[in-house]
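Since the structure comes first, as structure tokens, the remarks are kept for the end.
The model shown is predicted, which means the values in this text are computed figures rather than measured ones.
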Amino acid sequence: MSHSLQRRDFLKQSVALTGGLAAAMHVAPVIAQDSKSANDKLNIACVGVANKGRHNIDQLTSQNIAVLCDVDENFLNQAAKVWPNARLYRDYRKMLEAEANKIDAVVVSTSDHSHAPATSIALDLGKHVYCEKPLTHTVAEARAISKLAKKKGVATQMGTQIHAEQNYRRVVELIQSGAIGKVSEVYSWCTKGWSDGRFSACDMAAPKNLDWDLWLGPAKERSYCASIHPGNWRRFWEYGAGTFGDMACHVMDLPFWALDLKYPTSVHCEGPEVHPDGAPNWVKATYEFPAAGGGSLKFHWADGSANFDKVKETKDPSGKPLSQWGLGVLFVGDKGMLAADYGRRLLLPQDKFEGFKAPEQTIANSIGHWNEWVKACKTGSPTTCNFEYSGRLTETVLLGIVAFRAGEKVAWDGEKLEAKGSAKAASFVTKEYRKGFEVVGLNG
């Protein structure tokens, strides 16, 4: 029997064995390619090698860091000192074309606006992909990337590493066991602020180490401005999505997982006057989702200086209002409430839950967010933030920004990817791309 056939038989058995776990965790197992055994090292190409990119690479040193790609020559050379055997590129498009037969997987750690173009090419080549959050820059991109990943049957993971921590798993078990009854409302918040991106007239040359045209990628041509790059691109709609796009994928992930949410039916978002260049210093959004067992679920988000009366009024054991936690989630059920952040969870009111016994653990502890992906690449085991799940989460997050920029409540048809009756909202669901930086599968 050929190695290829033996490998396929093994993978079929692996998928059957992991199916139960995948169902319990709301994920789908993938079919890994016939490229690696569990003990072989993956050949990984890394797009973006500094800051968060460097952090991602550092988590994957058990594998072969085969290729490094960055638009900044200084960052590239610094990374090359650590991985001297890696092949170096500035342009991810040229890298993926040249390395297509030499690499197994790709890590995308660019600014948000280049996530989908780079990820889509890698997926189209049949490569496993780990991409930073938010998965994409637009709602339409998220759907396209999710569909392409499913079509190619590769292992995927979005960089929401908190998902792998034990606290999130224990919160999900509490909610799904009915500890606070039927949940009718969720509040989520983050007081961080990425705001006030404003384009100004810039006639300065880009630093010699930076290929500014490649950094702009799918965005329209614009002169280099130090107020954009390297540290402030998240403030601008053309490249990021403010605090909402930066942090909501982490914080909203918890209720999205715990309540097994799919697509909202509507979203309304308020904040300061909309500016065409960049994000506001606060927003408050309210989504409506179909609730399990009938009715609707209200799901709130606030960032920057905004928060909700319910969150301000609810206090932790120290007497501190939850709004002072910095970020968090408050589930409101018909039998009580549950407050959580990355490392804490509280059943409220405390006196009602005195002596409460936690439900039996049903979600296995993670082997590590990056290790989940590596294992999936090799064996077809499930990942908890695969692009099917994280695509829906990203769509939901970015839809809130669509509603804010449109300045109106958006009635949403998730199956059709359609803002019903709102041409203005529809215009923010997708965007235009510079030639050569399109997203594979976006219009297919």
Side-chain angles (χ1 to χ4, degrees), residues 32-132 145 148-149 152 154-159 206-218 229-230 369-371 373-378 436-440:
Q33 297 168 305
D34 293 343
S35 57
K36 294 288 171 186
S37 75
N39 295 321
D40 287 338
K41 290 186 176 183
L42 296 172
N43 293 314
I44 299 177
C46 302
V47 184
V49 301
N51 304 310
K52 188 58 181 176
R54 175 59 186 269
H55 180 251
N56 285 332
I57 299 171
D58 285 344
Q59 313 310 307
L60 294 165
T61 53
S62 62
Q63 307 306 302
N64 180 32
I65 307 302
V67 182
L68 301 170
C69 180
D70 203 293
V71 297
D72 190 310
E73 189 173 30
N74 288 351
F75 290 156
L76 196 59
N77 290 339
Q78 289 167 10
K81 292 178 182 178
V82 182
W83 296 280
N85 295 324
R87 300 177 290 279
L88 308 181
Y89 292 85
R90 303 289 292 279
D91 188 333
Y92 65 78
R93 301 168 302 173
K94 293 180 179 178
M95 180 273 288
L96 288 167
E97 180 180 10
E99 300 287 340
N101 295 323
K102 302 175 185 177
I103 59 173
D104 305 299
V106 178
V107 177
V108 177
S109 308
T110 65
S111 48
D112 295 358
H113 72 300
S114 289
H115 282 183
T119 293
S120 68
I121 298 173
L123 290 174
D124 197 46
L125 290 171
K127 306 305 173 186
H128 308 295
V129 180
Y130 182 105
C131 181
E132 262 310 312
I145 292 298
L148 186 57
K152 294 296 180 175
V154 292
T156 57
Q157 186 90 304
M158 183 173 77
K208 291 183 180 180
N209 54 287
L210 174 66
D211 190 321
W212 178 240
D213 187 69
L214 283 179
W215 186 88
L216 286 172
H229 185 279
H369 197 62
W370 294 266
N371 289 336
W373 177 65
V374 168
K375 183 179 179 182
C377 293
K378 297 178 180 182
F437 293 93
E438 298 86 358
V439 175
V440 178

Can you tell me how far CD1 of Ile57 sits from CG of Leu68, rounded to the nearest 0.5 angstrom?
5.5 Å
Quick check: closest heavy atoms across Asn64 and Lys41, and the distance to 0.1 Å?
N-CB, 4.1 Å
Rounded distance [0.5 Å steps], CE in Met95 versus CG in Asp70:
11.0 Å
Mind checking whether His369 and Tyr130 have parallel, tilted or perpendicular rings, split at 30° and 60°?
perpendicular
Minimum side-chain heavy-atom gap Phe437-Arg93 below 4.5 Å:
yes
Straight-line distance of Ile145 CD1 to Thr156 OG1, nearest 0.5 Å
10.0 Å
Scan for ring pair (Phe, Tyr, Trp, His ring centres under 6.0 Å) pairs involving residues 79-109, sequence neighbours excluded, and state none if there are none.
none
Taking the side chain as C-beta and beyond, is there a heavy-atom pair between Lys378 and Gln63 under 4.5 Å?
yes
When rounded to the nearest 0.5 angstrom, what is the spacing between CD1 in Ile121 and CD in Glu438?
9.0 Å
Got Trp212 and His229 here, is their nearest side-chain heavy-atom distance under 4.5 Å?
yes
Quick one, Asn371 with Lys375, criterion side chain to side chain contact (heavy atoms under 4.5 Å, CB included). Give me CA distance, side-chain angles, the key distance, then yes/no.
CA-CA 6 Å; Asn371 289 336; Lys375 183 179 179 182; over 6 Å; no
What distance separates Leu88 CG from Cys69 SG, expressed to the nearest 0.5 Å?
9.5 Å
Nearest heavy-atom contact between Cys377 and Ala155 is N-CB, 3.6 Å
Close side-chain approach of Val154 to Val129, heavy-atom, < 4.5 Å:
no
Can you measure from CG (Asp72) to CD (Gln78) and round to the nearest 0.5 angstrom?
8.0 Å
Lys52 atom NZ, neighbour heavy-atom count above 12 within 6.0 Å
yes
Under 4.5 Å between any side-chain heavy atoms of Leu60 and Trp373, yes or no?
yes
Would you check if Ile103 and Leu125 make a side-chain contact, meaning some heavy-atom pair closer than 4.5 Å?
no
Does the side chain of Asn56 reach to within under 4.5 Å of the side chain of Cys46, using non-hydrogen atoms?
no
Please tell me if the side chains of Arg90 and Leu76 come closer than 4.5 Å, counting only heavy atoms from C-beta onward.
yes
Is the backbone N or O of Asn43 less than 3.5 Å from a side-chain atom of Asp104, with the two atoms forming a donor-acceptor pair by type?
yes
With sequence neighbours left out, what residues match Thr110 under side chain to side chain contact (heavy atoms under 4.5 Å, CB included)?
Val47, Val108, Ser114, His115
